[in-house]
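Below: one structure, written as structure tokens.
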Amino acid sequence: MEKDLEKQLQIIGMGTEDILTMKELEIIVGDSIIKNNPLKVKLGLDPTAPDIHLGHTVVLNKLRQFQDLGHNAVLIIGDYTARIGDPSGRSSLRPELSNKEIDRNAKTYMKQAFKILDPEKTELVKNSEWLKNLSFEDILGLTSRFTVARMLERDDFKKRFKGNLPIAIMEFMYPIMQAYDSVAVEADVELGGTDQRFNLLMGRELQKDMGQKPQIAVTMPILAGTDGTEKMSKSLGNYIGVSEKPSEIFGKVMSIPDNIMTDYFKLLTRLRPEEIFDIEEDIKKGSANPSIAKRKLSRIIIEYLYSSDDAEKAEKEFDLIFKRKEIPEDIEKFNLKGKIAGNSRIWIVKLLVDSGMAKSNGEARRLISQGAVKINGKKVEDENLELEIDSLNEKILQRGKRHFKKIMTV
RNA sequence: GGAGGAGUGCCCGAGUGGUCAAAGGGAGCAGACUGUAAAUCUGCCGGCGCAGCCUUCAGAGGUUCAAAUCCUCUCUCCUCCA
């Protein structure tokens with residue numbers, strides 16, 4: 001375990017939005033160092049979707065940092081809570097998920113989460129283990145500890161209440177269940193996104209009420225997506241999935257706007273705080289080329305998710321395509337054979353559509369007129385071009401800078 | 001149950017009888033530039049072997065030489081009242 005209190009606090013604090021309360025954290029960490037007794041750091045994940053993206057890894061990274069400092073993670077799979085769905089930030093009730101879906105999601109979710117976490121220091125539990133055994137009486141007991149007024153302090157509930165939108169009583173149960181999770185695992189610290197602040201605080205209150213030491217709530221900011229403004233989300237299409245190919249991740253990270261780069265360093269890497277400050281300074285002063293820092297960022301992220309080998313390969317491929325404008329090594333093949341019926345020639349527009357390079361003839365024509373189409377590096381100028389099929393085998397069809405297909409005719 | 005409002009291209013949103021394949025923005029794609037797939041600038045952005053034609057403005061009918069625009073019905077959403 002890291003014995004230096006200052007250092008621990010600095011690492012824990014890196015990138016956080018809020019720590020409630022800092023004072024308590026100092027005491028509890030100091031205590032754990034003296035007694036050599038690792039803290040129990042809780043993180044609850046609701047498997048409501050099968051895949052996670054970098055936005056989800058922000059809290060996972062923080063948890064990993066705790067582990068690297070010598071603490072233990074308690075990862076709670078919210079299989080029970082997922083059925084209801086966290087109403088945080090929601091303006092309406094969300095549809096219930098089936099148990100089957102939840103189990104399936106939980107599987108892929110965990111696999112992806114352990115790309116970040118240290119399994120040796122992770123206790124994995126499902127909250128159905130304790131929640132499903134509560135009797136109605138137990139639940140009444142729990143609900144009596146909370147008030148409607150307190151619930152309505154939460155912004156999204158307040159808005160809905162004022163706006164005369166429905167709030168199901170069940171939705172009030174969500175924060176209570178999450179709070180009870182903290183009691184069940186006796187958490188010392190709970191991590192969550194800023195949207196979780198209310199729920200984390202409820203955990204504190206319930207623990208106090210039930211005679212436990214209240215957990216410290218550590219909240220992390222919401223990660224911006226590749227567009228640099230909206231939060232990262234699948235539906236906005238600005239996400240980087242942890243299961244994407246390394247080369248894809250590399251490119252996507254390189255495409256984030258420069259001004260959110262330091263946020264990415266703080267939230268997605270586990271570099272030492274001094275290193276991050278240095279990078280930040282360099283960028284501010286303009287003394288270092290931002291693209292070099294961004295390359296480093298891309299490599300680190302791929303290293304965490306895959307390996308340093310994969311990171312290196314991804315970077316090489318990136319250079320190949322963008323720096324030297326060459327053709328990458330592994331190109332998706334496209335079998336033309338099935339698409340042709342007895343003809344010996346094919347119209348270039350048709351070839352583009354058949355290979356999936358263009359959605360319609362119109363788009364194909366457009367691409368040609370914009371000078372975006374190349375065959376083996378040679379620009380196609382004429383949209384009426386007819387090609388001998390036999391001459392096309394293994395030729396590289398290119399659209400724009402970064403889309404390649406190898407044509408196979410055998 | 002009653003009164004009123006709204007539904008337009010991937011998204012937001014203008015358009016109230018012809019000049020509308022439909023302004024503007026965003027997203028996307030391409031080109032230039034560069035330090036990158038950043039930023040910036042430019043072009044494209046329904047379909048069709050495309051100087052022409054075809055199908056679009058919630059859905060179905062109707063009026064008209066002509067409809068996103070007018071009428072009728074249906075569906076969906078919102079606001080107010082009970």
Side-chain angles (χ1 to χ4, degrees), chain A residues 54 91-93 159-160 162-166 224-241 244-265 279 282-302 311 314-328 339-340 343 345-374 379-387 397-405:
Chain A
L54 290 185
S91 54
S92 59
L93 191 61
K159 273 195 195 129
R160 277 204 260 164
K162 277 193 179 157
N164 293 318
L165 293 164
T226 49
D227 58 348
T229 47
E230 298 294 328
K231 74 166 191 179
M232 183 173 283
S233 90
K234 197 163 187 178
S235 52
L236 291 172
N238 60 356
Y239 71 105
I240 304 175
E244 292 190 66
K245 282 195 307 196
S247 58
E248 201 59 27
I249 295 174
F250 197 95
K252 282 191 179 181
V253 175
M254 288 305 279
S255 84
I256 63 168
D258 291 352
N259 60 41
I260 62 166
M261 220 193 324
T262 49
D263 286 340
Y264 270 49
F265 268 108
I279 291 168
D282 280 350
I283 293 170
K284 255 192 224 150
K285 282 187 298 192
S287 59
N289 190 326
S291 78
I292 291 172
K294 221 188 262 180
R295 276 167 187 276
K296 184 170 184 176
L297 176 65
S298 305
R299 277 198 310 269
I300 295 170
I301 289 170
I302 296 168
E315 183 169 18
K316 266 190 194 153
E317 189 171 323
F318 184 84
D319 283 342
L320 204 64
I321 300 174
F322 299 105
K323 259 193 147 164
R324 289 188 260 134
K325 304 203 167 169
E326 282 171 26
I327 292 164
K339 304 274 183 187
I340 42 172
N343 295 323
R345 323 180 81 198
I346 185 163
W347 180 34
I348 179 67
V349 168
K350 195 131 183 53
L351 179 65
L352 285 164
V353 174
D354 285 352
S355 63
M357 289 296 215
K359 282 200 276 293
S360 65
N361 289 10
E363 190 182 8
R365 285 167 192 276
R366 237 175 278 133
L367 289 164
I368 294 166
S369 70
Q370 290 179 134
V373 178
K374 287 178 185 167
K379 198 186 278 180
V380 173
E381 315 263 9
D382 178 12
E383 63 176 47
N384 293 314
L385 184 67
E386 299 267 349
L387 297 150
L397 182 64
Q398 183 178 353
R399 184 198 102 205
K401 291 187 181 71
R402 40 190 279 253
H403 299 277
F404 303 89
K405 285 262 165 87

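The sequence lines fix the lettering, A, B, ..., with proteins before strands; numbering per chain opens at 1.
For the pair A:Gln398 and A:His403, the minimum side-chain heavy-atom distance is 4.5 Å or more.
Atom CD of A:Glu383 is separated from atom C1' of B:A30 by 15 Å (rounded to the nearest Å). Residue A:Ile368 contributes atom CD1, which lies 14 Å from atom C1' of B:C44 at whole-angstrom precision. The NZ atom of A:Lys359 sits 12 Å away from the C1' atom of B:G46 (whole-angstrom rounding). In this structure, CE of A:Met357 is placed 13 Å from C1' of B:A30, rounded to the nearest angstrom. One can place NZ of A:Lys379 at 8 Å from P of B:G31, the figure rounded to the nearest angstrom.
Nearest to the side chain of A:Arg365, among B:C29, B:C50, B:C48, sits B:C50.
Summary of the strand contacts: A:Lys350 and A:Val373 both lie near RNA chain B, and taking for each the nucleotide with the nearest heavy atom, the more 5' one is attributed to A:Val373.
Taking the P atoms as reference points, B:G17 lies 14 Å from B:A67, given to the whole Å. Rounded to the nearest Å, the gap between the C1' atom of B:U56 and that of B:U69 is 15 Å. For B:G26 and B:G13, the C1' atoms lie 11 Å apart once the distance is rounded to whole Å. Taking the C1' atoms as reference points, B:G28 lies 11 Å from B:C11, given to the whole Å. Look at the P atom in both B:A39 and B:A30: the space between them is 15 Å, to the nearest Å. Nucleotides B:A66 and B:U55 are separated by 15 Å at their P atoms, to the nearest Å. Rounded to whole Å, the separation between the P atoms of B:G31 and B:C50 comes to 26 Å. Comparing B:C54 with B:G5, their P atoms sit 38 Å apart, to the nearest whole Å.
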### Message
Return a single string for nucleotides 33-42 of chain B, one symbol per nucleotide in 5' to 3' order, where B is base contact, S is sugar-phosphate-only contact and - is none, cutoff 4.0 angstrom on heavy atoms.
### Response
--BBBB----
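Judged purely by atom type and a 3.5 angstrom limit, A:Trp347 uses its side chain to pair as donor or acceptor with the backbone of A:Glu383. With hydrogens and angles disregarded, no donor-acceptor distance shorter than 3.5 Å links the side chain of A:Glu363 to the backbone of A:Arg365.
Using a 4.0 Å heavy-atom criterion, one finds that A:Glu386 contacts the bases of the nucleic acid, with or without backbone contacts as well. Heavy atoms of A:Gly400 sit under 4.0 angstrom from primed sugar atoms or phosphate atoms, though from no base atom.
Nucleotide B:A14: unpaired (no Watson-Crick or G-U wobble partner with both distances less than 3.5 Å). In this structure, B:G28 and B:C44 make a Watson-Crick or G-U wobble pair, each of the two defining distances being under 3.5 angstrom. For B:C75, the paired nucleotide is B:G7, the pair qualifying as Watson-Crick or G-U wobble because both relevant distances are below 3.5 Å. Nucleotide B:A68: unpaired (no Watson-Crick or G-U wobble partner with both distances less than 3.5 Å). Under the Watson-Crick or G-U wobble criterion, with both distances below 3.5 Å, B:C33 has no partner in any strand shown.
In this structure A:Glu244 satisfies the side chain to side chain contact (heavy atoms under 4.5 Å, CB included) test together with A:Tyr239, A:Ile240, A:Glu248, A:Ile249, A:Lys252, sequence neighbours excluded. For the ring-ring contact (aromatic ring centres under 6.0 Å, His included) test, residues two or more places apart in sequence or in another chain that qualify with A:Phe250 are A:Phe318. Scored by the side chain to side chain contact (heavy atoms under 4.5 Å, CB included) test, A:Ala364 finds A:Val349, A:Leu352, A:Val353, A:Ala358 as partners (sequence neighbours excluded). Taking A:Gln370 as the reference, A:Leu367 meet the side chain to side chain contact (heavy atoms under 4.5 Å, CB included) condition, with sequence neighbours excluded.
Nearest heavy atoms, A:Ile279 versus A:Phe265: CD1-CE2, 3.7 Å.
Between A:Ser360 and B:C48, a side-chain N or O to OP1/OP2 separation shorter than 4.0 Å is present. For the OP1/OP2 pair of B:G47 and a distance below 4.0 Å, the side-chain nitrogens and oxygens of A:Arg366 include at least one atom meeting the criterion. Between A:Arg399 and B:C29, a side-chain N or O to OP1/OP2 separation shorter than 4.0 Å is absent.
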Return a table of donor-acceptor pairs under 3.5 angstrom between the side chains of residues 291-300 of chain A and protein atoms on other chains or two or more places apart.
unit_1   : atom_1 : unit_2   : atom_2 : d
A:Ser291 : OG     : A:Asn289 : OD1    : 3.2
A:Lys294 : NZ     : A:Met254 : O      : 3.2
A:Lys294 : NZ     : A:Ile256 : O      : 2.6
A:Lys294 : NZ     : A:Asp258 : OD1    : 2.9
A:Arg295 : NH1    : A:Glu315 : OE2    : 2.9
A:Arg295 : NH1    : A:Asp319 : OD1    : 3.1
A:Arg295 : NH2    : A:Asp319 : OD1    : 2.8
A:Ser298 : OG     : A:Lys294 : O      : 3.0
A:Arg299 : NH1    : A:Glu315 : OE1    : 3.0
A:Arg299 : NH1    : A:Glu315 : OE2    : 3.2

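A:Gln370 contributes no side-chain N or O that forms a donor-acceptor pair with the base of B:G31 under 3.5 Å.
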